[in-house]
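Since the structure comes first, as structure tokens, the remarks are kept for the end.
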Amino acid sequence: MVKNLVIVESPAKAKTIEKFLGKDFTVLSSFGHVRDLSKKDLSVDIEKGFIPNYEISADKKKTVSELKKKAKEAEMVWLATDEDREGEAISWHLVEALQIDEKKTKRIVFHEITKNAILEAIENPRSIDHHLVDAQQARRVLDRLVGYELSPVLWKKVKPALSAGRVQSVAVRLIVEREDEIKSFVTDSAFRVTAVFEVPGKSPVSILNAELNKRFKTADEAKKFLLKCATAGFKVDTVEKKPASKSPAPPFTTSTLQQEASRKLGYSVAKTMMVAQQLYESGHITYMRTDSVNLSSLALSMAKKVIEKNYGENYIKTRQFVTKSKSAQEAHEAIRPTYLDRQEISGDNSQKRLYELIWKRTIASQMAEAKLEKTNIIISISTTSESFVARGEVITFDGFLKVYLESTDDEDAEVQKGMLPTVTKGDQLQRKEILAVERFTQPPPRYTEASLVKKMEELGIGRPSTYAPTISTIQKREYVVKEDRQGEDRNYTYLELLDKTVKEEIKTEKTRFEKSKLFPTDIGTVVNNFLVEYFVKILDYSFTADVEIQFDEIARGEKAWSEMIKDFYTPFHVTVENTLATSKKQSGERLLGVDPESGKNIYAKIGRYGPIVQIGETTDEDKPKFAGMKKGQSIETINLDEAIDLFKLPREVGTYEDEPLVVALGRFGPYVRHVNKFFSLEKTDDPMSITAERAIELIDKKRLKDKENTISEFPEDDTLKVLKGRYGAYISQGKNNFRIPKGKVAEELTYEDCLAIIEAAPTKKGFKKK
DNA sequence: CAGTGAGCGAGCTTCCGCTTGACTT
């Protein structure tokens with residue numbers, strides 16, 4: 001018999017809270033939302049005023065029936081879901097789905113998971129805020145209407161199975177537009193002059209690095225300047241010293257954790273979230289999906305103690321940070337270690353590293369500012385009015401820097417400034433080296449997963465729980481790809497002042513190497529340009545912010561949610577209809593030139609399965625010929641010769657065991673086919689030039705691997721095998737696979753055993769997914 | 001896991017936000 005049933009969203013939270021409440025309380029979790037709009041169709045009755053058709057989510061049926069049973073027994077149901085729009089809605093959906101009388105419920109909220117906070121929450125219950133629930137329903141219905149009306153437009157006008165939505169389409173837009181900026185960027189260059197001076201009369205030799213206070217547009221100007229320096233004297237003109245200080249960054253939110261883990265540990269956002277989830281479940285950190293930088297009073301006092309013990313009292317500075325982001329809903333604390341006195345934890349390497357990062361960031365946020373002394377030394381040149389400047393920085397008190405320094409996205413950041421030698425006004429300096437090197441302006445950087453999340457957060461698009469899934473969706477739809485791309489060679493002019501002359505050299509450097517950056521694909525570009533043209537409003541960077549203002553009005557009870565949705569939907573739906581009626585099929589088609597063999601046009605465009613090249617017109621009586629593109633090729637960059645090459649596939653490269661070896665491009669990349677078996681080429685193999693020897697090598701390698709994975713084979717049926725797979729042994733027959741029942745040993749299975757298992761296996765059709 | 005791409009047409013695809021296991025064969 002349950003007296004009081006408390007329902008929270010997360011099972012880990014339930015476990016913790018149960019310890020704080022006496023035995024009169026049972027704490028269970030809903031595992032997030034329990035009901036949603038049906039996936040099958042729109043599930044919004046537009047005619048009747050946008051009535052949503054909710055159903056219990058397939059994976060929540062069990063949870064709901066258990067909660068329902070317990071709720072029935074309980075005298076009181078305490079709805080303790082998160083204090084935000086979604087949390088309020090979850091509470092309401094629970095009341096509906098569990099069919100409890102709302103009078104038998106109390107709504108409670110707490111910001112930190114401490115005994116006091118929870119007991120206080122129990123003392124101050126309220127009822128469900130139906131205005132807030134309505135704001136969530138508006139959000140949900142708007143997203144459904146946008147997603148389920150826009151996506152089918154893409155199926156008709158671009159390619160089946162594509163998707164569009166309020167969040168993902170804007171994320172793609174950011175990447176496509178950044179690429180456009182990079183393409184249209186005009187590189188400019190100027191000569192940066194640097195000098196190395198020796199301060200005379202010091203032992204050991206004292207060196208001063210300085211930079212000229214201006215840059216020269218041309219090599220001639222730079223050369224002229226260097227020649228002036230040849231005969232010049234250099235003198236310390238002024239020495240300026242300024243104190244400065246640096247403050248620590250606030251503790252982690254989901255977005256900043258993803259950014260720092262990406263920069264410092266090289267984790268993808270998905271990996272960061274996976275590891276953080278493990279840390280959360282093992283009780284090491286607080287909740288990892290949050291937009292709040294707030295720390296509980298308990299955490300603040302713990303931090304103070306730890307800092308005092310480890311670093312001393314003068315390193316303490318207790319701070320409460322305020323969340324800047326407007327979209328923040330602050331249902332949780334910042335991400336921090338549960339026990340700040342634990343600097344290290346047990347776990348695997350990924351967990352240890354992420355935990356360490358979180359620990360340092362949290363502790364540093366409660367530490368004193370670093371004190372610096374910045375020094376500028378201005379060096380005059382006797383033959384000209386320009387001057388050199390040497391900048392130095394000395395840490396006089398390290399403060400939080402003892403523990404942690406936030407990294408930046410800026411890849412071209414200056415090298416760290418160091419200490420400068422002591423000089424005084426009037427000192428003569430000896431020139432050791434003066435260089436003028438041509439430097440180039442940089443186009444804006446491409447997004448990484450983490451810098452895209454940062455941008456999305458700034459725009460208020462997406463939530464902590466959706467950043468990682470959204471980034472995976474836009475890659476799964478093949479709108480963007482994450483990859484490394486080599487920089488290109490670029491020449492620059494290098495001028496060095498010798499004794500009385502200037503040495504000029506042309507040197508070569510690589511342009512920026514792009515590591516794990518997001519690039520738009522052809523499909524991403526075509527879809528984005530189409531959506532931006534026809535659905536300006538949805539694709540506008542401020543669309544989400546605009547609707548959020550209205551959701552807030554609904555939450556305050558100033559507006560009915562169905563009215564807001566009606567105002568949005570009526571013109572939106574007209575646009576959808578007009579677009580379907582008037583827009584052409586979007587293929588991104590580009591004419592590459594004329595095929596010398598047939599005299600027909602060759603085009604690059606998007607086909608049903610991705611980018612293709614085409615010889616001839618689709619309107620011709622003769623069917624045009626098609627060929628898929630290789631990885632790395634794109635409609636925009638492919639040239640005529642490369643396109644003609646693609647039609648050379650499939651090609652026979654030789655024979656093996658008296659059977660032909662055929663190389664071609666498939667859905668999953670280049671392969672060699674041999675007796676109806678496919679063998680993937682490796683990254684370094686080029687389908688255009690691969691030899692029979694290499695193809696045979698690949699085949700033998702694959703055969704050996706298959707053999708190693710084979711546990712048993714049977715003379716009765718050569719399509720039937722017992723194999724070793726990722727998840728253990730299984731039975732394979734032709735294209736079907738079957739699991740081996742528990743208690744049977746794979747190695748001992750006979751042919752008859754296998755047949756019996758296959759016979760007993762549930763048929764695929766009867767096994768409906770979800 | 002793969003050999004297509006027009007056309008015909010049925011039947012399918014799709015959103016965002018909250019949360020984890022069950023499961024992969």
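We name chains A, B, ... by the order of the sequence lines, and we start the count at 1 in each one. Given the structure is predicted, the values throughout are model-derived calculations rather than measurements.
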Which part of the nucleic acid does [X] contact within heavy-atom distance under 4.0 Å: base, sugar-phosphate only, or nothing?
X        : result
A:Asn676 : base
A:Ser29  : nothing
A:Val167 : sugar-phosphate
A:Arg166 : sugar-phosphate
A:Lys39  : base
A:Gln168 : sugar-phosphate
A:Pro152 : base
A:Gly669 : base

Margin query: On the side chain of A:Arg463, is there an atom forming a donor-acceptor pair with the base of B:dC18 - under 3.5 Å, no angle test?
Written below: no
Could you tell me how far apart [X] ([atom1]) and [N] ([atom2]) are, to the nearest whole angstrom?
X        : N      : atom1 : atom2 : value
A:Ile471 : B:dC15 : CD1   : P     : 15 Å
A:Asp706 : B:dC1  : CG    : P     : 11 Å
A:Leu646 : B:dG5  : CG    : C1'   : 14 Å
A:Ile90  : B:dG17 : CD1   : P     : 13 Å
A:Glu589 : B:dA6  : CD    : P     : 12 Å
A:Ile565 : B:dC16 : CD1   : P     : 15 Å
A:Lys476 : B:dC16 : NZ    : C1'   : 14 Å
A:Arg673 : B:dC1  : CZ    : P     : 16 Å

Notebook entry, point to check: B:dC15 base stacked by A:Tyr148? Criteria: ring centres under 5.5 Å, plane angle under 30°.
Noted result: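 Taking the rule of under 5.5 Å and under 30°, the ring of A:Tyr148 does not stack on B:dC15.
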Item checked: Any A:Ser163 side-chain nitrogen or oxygen under 4.0 Å from OP1 or OP2 of B:dT14 ->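 No, outside the criterion.
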Check: Can you list the stems that DNA chain B is part of, where a stem is at least 3 pairs in a row, each Watson-Crick or G-U, with both distances below 3.5 Å?
Finding: none
May I ask you to say whether [X] pairs ionically with [Y], meaning some side-chain N is under 4.0 Å from a carboxylate O?
X        : Y        : result
A:Arg107 : A:Glu83  : no
A:Glu548 : A:Arg139 : no
A:Asp143 : A:Arg166 : yes
A:Asp706 : A:Arg703 : no

Item checked: First encountered from the 5' end of DNA chain B, between A:Lys677 and A:Ile731 -> A:Lys677
Margin query: By nearest heavy atom, map A:Leu723 and A:Ala627 onto DNA chain B; which one lands nearer the 5' end?
Written below: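 Between the two, 5'-proximity favours A:Ala627.
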Margin query: For nucleotides 8-13 of chain B, give me one character per nucleotide, 5' to 3': B if any protein heavy atom sits under 4.0 Å from the base, S if the only such contacts are to the sugar-phosphate, - if neither.
Written below: -----B
Indicate whether the side chain of [X] and that of [Y] have a donor and an acceptor atom separated by less than 3.5 Å.
X        : Y        : answer
A:Thr81  : A:Ser91  : yes
A:Arg673 : A:Tyr671 : no
A:Ser163 : A:Arg477 : yes
A:Thr272 : A:Gln258 : no

Those residues that, when tested against [X], pass salt bridge (charged side-chain N to carboxylate O under 4.0 Å, His left out) (two or more places apart):
X        : value
A:Asp129 : none
A:Glu9   : none
A:Lys159 : none

Next item on the list: Tell me, please, whether A:Tyr541 has A:Arg173 positioned over its six-membered ring: NZ or CZ under 6.0 Å from the ring centre and within 45 degrees of its axis?
Entry: yes
Atom pairs under 3.5 Å: protein N/O with N/O of nucleotides 19-21 of chain B:
{"from": "B:dT19", "atom 1": "OP1", "to": "A:Tyr287", "atom 2": "OH", "distance (Å)": "2.5"}
{"from": "B:dT19", "atom 1": "OP2", "to": "A:Tyr287", "atom 2": "OH", "distance (Å)": "2.9"}
{"from": "B:dT19", "atom 1": "OP2", "to": "A:Arg289", "atom 2": "NE", "distance (Å)": "3.0"}
{"from": "B:dT19", "atom 1": "O5'", "to": "A:Tyr287", "atom 2": "OH", "distance (Å)": "3.0"}
{"from": "B:dT19", "atom 1": "O4'", "to": "A:Gly32", "atom 2": "N", "distance (Å)": "3.3"}
{"from": "B:dT20", "atom 1": "OP1", "to": "A:Ser10", "atom 2": "OG", "distance (Å)": "2.7"}
{"from": "B:dT20", "atom 1": "OP2", "to": "A:Gln277", "atom 2": "NE2", "distance (Å)": "3.2"}
{"from": "B:dT20", "atom 1": "OP2", "to": "A:Arg289", "atom 2": "NH2", "distance (Å)": "2.8"}

Next item on the list: State whether the number of non-hydrogen atoms from other residues, nucleotides or ligands found under 6.0 Å of A:Lys625 atom NZ is greater than 12.
Entry: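 Not buried by this count: 12 neighbours or fewer within 6.0 Å.
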